[in-house]
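See structure below.
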Protein chains: 2
Amino acid sequence: MNEQENRPIVVVVDDEEDLLILLKNLLEREGYQVLTARDGDEGIWLLRRVIARGRLKFAILDLMLPVRDGIDLVRFIRKQKEIRDVPILVLSAVSDTDKRVLALEEGADDFLAKPFSTRELVARVHALDRRVEQTRQESTVPRGRFEMGSLIVDTGRHEVRVSGREIRLTPIEFRILAHLISQGGFVIERHALMIALWGEDWEVEEHNLNVHIWSLRKKLGETPGEPKYIETLRGTGYRLKDTGESTSVRAVSGENR
Amino acid sequence: MNEQENRPIVVVVDDEEDLLILLKNLLEREGYQVLTARDGDEGIWLLRRVIARGRLKFAILDLMLPVRDGIDLVRFIRKQKEIRDVPILVLSAVSDTDKRVLALEEGADDFLAKPFSTRELVARVHALDRRVEQTRQESTVPRGRFEMGSLIVDTGRHEVRVSGREIRLTPIEFRILAHLISQGGFVIERHALMIALWGEDWEVEEHNLNVHIWSLRKKLGETPGEPKYIETLRGTGYRLKDTGESTSVRAVSGENR
DNA sequence: CAACGCTGTAAAGAACCGGTCACAAATCAG
DNA sequence: CTGATTTGTGACCGGTTCTTTACAGCGTTG
């Protein structure tokens with residue numbers, strides 16, 4: 001596994017050879033691994049291939065493409081669950097505003113009119129990068145193996161045990177529990193949980209959290225009324241109940257992706 | 001005073017009539033009272049008029065404006081002390097990044113590239129709203145861990161202990177105690193407490209404070225008549241009694257983001 | 001000492017919040 | 001494409017919390 005293989009990947013799709021080379025150089029200088037395609041079909045093929053590697057940072061797409069429209073590519077990306085939230089920077093001639101609008105509606109994140117200055121491009125790319133990095137941190141799951149009383153949560157192998165017995169949680173439930181246990185016995189405010197689960201500008205009902213907490217409690221085997229594990233602090237948030245037992249909270253920091 | 005008059009106000013300045021109507025509908029559905037202007041001068045005039053009402057929640061400004069630049073409006077808002085910290089969401093055409101950057105430098109909080117999806121706008125607006133709401137509440141609660149005699153208040157963990165035993169307080173009670181203990185043994189005037197709890201322009205009966213203090217005292221285990229913790233200074237305010245014990249008041253400044 | 005203002009105490013109603021559940025919508029697996 | 005799982009929403013309920021109101025006690029002041 002050589003060094004290049006660990007760098008974040010950028011996919012660039014454009015039919016102008018010159019531009020492609022320019023972008024490739026520019027972005028590689030910024031520390032990305034750049035993969036290119038020259039038309040829509042090739043682009044989709046490339047994206048498929050990249051999905052497997054799981055390191056796609058963002059995509060730069062020209063709108064005017066032979067064989068397949070750039071907008072098709074935007075749609076394609078937004079449909080693949082593995083790369084759904086990858087930021088997309090769209091390039092197009094100044095003239096076609098229609099397509100520009102369409103692309104943004106389909107989910108492109110930013111837009112750059114050709115021709116552009118390299119400074120401008122780099123600036124945009126950095127902005128996108130920052131944004132994705134931020135939202136990823138927000139929705140991230142604390143890493144490690146945590147124990148608290150009869151609860152064990154191992155985020156590495158995605159496993160939860162309550163008094164030895166393994167239980168199955170949905171992704172959201174899992175993340176809630178992971179956050180709670182990673183905080184030891186301390187309160188997490190509703191607000192913080194919302195951000196942790198759905199990002200800074202979440203668009204779901206805050207009430208939704210109650211529902212997930214509820215189903216999580218059910219799976220943990222809580223008896224309604226008296227929580228053994230998840231404690232409600234009205235008007236504030238939730239916290240894992242300190243059972244007072246062998247409360248060995250331990251985070252194994254071994255695996256940072 | 002009709003119902004509408006109590007809703008938070010949003011000011012929208014844009015020269016496109018369609019967009020203005022769209023935004024007005026959208027935001028009114030979200031529960032805001034929407035006031036609009038079509039150019040910079042009108043915007044300033046409108047803002048002046050709104051300042052008096054004191055319920056301005058945030059402003060949405062187009063950057064490309066006839067008569068006066070949107071950036072002028074940003075500057076204007078940031079100079080008015082009454083609305084200095086009102087969040088500003090800036091709209092701009094995708095193309096002019098320069099202005100966008102400038103606007104952010106002048107103090108705009110977020111920007112949205114035109115055209116945008118209504119979902120996106122609503123999400124941003126909510127995020128802004130929450131952010132301002134949160135920081136307003138946060139700023140009124142002193143941060144850190146405070147000890148005084150047998151009392152411990154940890155605002156980070158949302159925890160209160162009296163002689164080791166944890167007690168549960170409602171949000172308001174918690175904030176009262178946090179303020180008192182953060183002042184060490186010094187008086188906090190009723191007036192200051194009112195502002196800290198309900199904001200600069202509170203609308204509740206001042207007597208309400210007595211009630212909360214009373215229930216707080218009960219939870220602390222005060223014996224009526226002789227306050228061990230919260231001392232009343234008639235005509236002035238309250239203060240935490242200096243028990244003379246191991247009065248180690250300490251603020252841990254750990255968490256400043 | 002009477003009147004007043006300020007605070008403590010108590011209780012009642014309103015507003016709010018969270019728990020519970022059923023169902024709809026979105027997503028995923030085969 | 002179909003069925004299963006997961007996620008999100010609306011409705012309802014019960015309890016908590018907030019606010020108002022009433023009244024009692026007490027200190028201050030005239």
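Naming: A, B, ... by sequence-line order, numbering from 1 per chain.
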Does CD in Glu133(B) sit with more than 12 non-hydrogen atoms of other residues, nucleotides or ligands closer than 6.0 Å? yes
What contact category does Arg190(A) fall into here, base, sugar-phosphate, or nothing, at under 4.0 angstrom with non-hydrogen atoms? sugar-phosphate
Arg234(B) CZ - dT29(D) P separation (whole Å): 10 Å
Measure the distance from CH2 on Trp202(A) to C1' on dT7(D) and round it to the nearest whole Å. 17 Å
What is the distance from CD of Glu206(A) to C1' of dG8(D), rounded to the nearest Å? 14 Å
Phosphate oxygens OP1/OP2 of dC18(D): is one of them under 4.0 Å from a side-chain N or O of Thr170(B)? yes
Is the distance from OP1 or OP2 of dT9(C) to the nearest side-chain N or O of Trp214(B) less than 4.0 Å? yes
Does a side-chain N-to-carboxylate-O contact under 4.0 Å join Glu231(A) and Arg168(B)? yes
Separation of dC17(C) atom C1' from Ile213(A) atom CD1, nearest Å, is 14 Å
Closest nucleotide of DNA chain D for Asn208(B) versus for Glu203(A): which of these residues is on the 5' side? Glu203(A)
Taking the side chain as everything from C-beta on, heavy atoms only, tell me whether Val160(B) gets closer than 4.5 Å to Ile152(B). no
Atom-to-atom span, CD of Gln80(A) to P of dA29(C) - whole angstrom: 13 Å
Judged by atom type as modelled, is there a donor-acceptor pair below 3.5 Å linking the side chain of Glu222(A) to the main-chain atoms of Tyr229(A)? yes
Identify which one of Arg217(B), Lys219(B), His212(B) satisfies the side-chain hydrogen bond (donor to acceptor under 3.5 Å, both in side chains) criterion when paired with Glu173(B). Lys219(B)
On a heavy-atom basis, which atom in Trp202(A) and which in Ile195(A) lie closest, and how many Å separate them? CZ3-CG1, 3.9 Å
What is the distance from CZ of Arg168(B) to C1' of dG15(D), rounded to the nearest Å? 14 Å
Would you kindly give the CD-to-P distance between Glu173(B) and dT16(D), to the nearest whole Å? 13 Å
Would a 4.5 Å heavy-atom cut-off, applied to side chains only, mark Phe186(B) and Arg239(B) as touching? no
Check: Arg190(B) and Thr236(B) side chains under 4.5 Å, non-hydrogen atoms: no
dC17(C) OP1/OP2 closer than 4.0 Å to side-chain N/O of Tyr238(A): no
Give a yes/no answer on whether the side chain of Ser215(B) brings an N or O atom under 4.0 Å of OP1 or OP2 in dT17(D). no
Sugar-phosphate, base or nothing in reach of Phe174(A), heavy atoms under 4.0 Å: nothing
Tell me what Ile172(B) touches on the nucleic acid: a base, only sugar-phosphate, or nothing, going by heavy atoms under 4.0 Å. sugar-phosphate
Please work out if Trp198(B) contacts a base, only the sugar-phosphate, or nothing of the nucleic acid, heavy-atom cut-off 4.0 Å. sugar-phosphate
Distance, rounded to the nearest Å, where Leu233(B) contributes CG and dG8(C) contributes C1': 15 Å
Detail all sub-3.5 Å separations between protein N/O atoms and N/O atoms belonging to nucleotides 10-13 of chain D.
unit_1	atom_1	unit_2	atom_2	d
dG10(D)	O6	His207(A)	NE2	3.3
dA11(D)	N6	His207(A)	NE2	3.0

Shortest side-chain distance from His212(B), nucleotide among dT20(C), dC18(D), dT20(D): dC18(D)
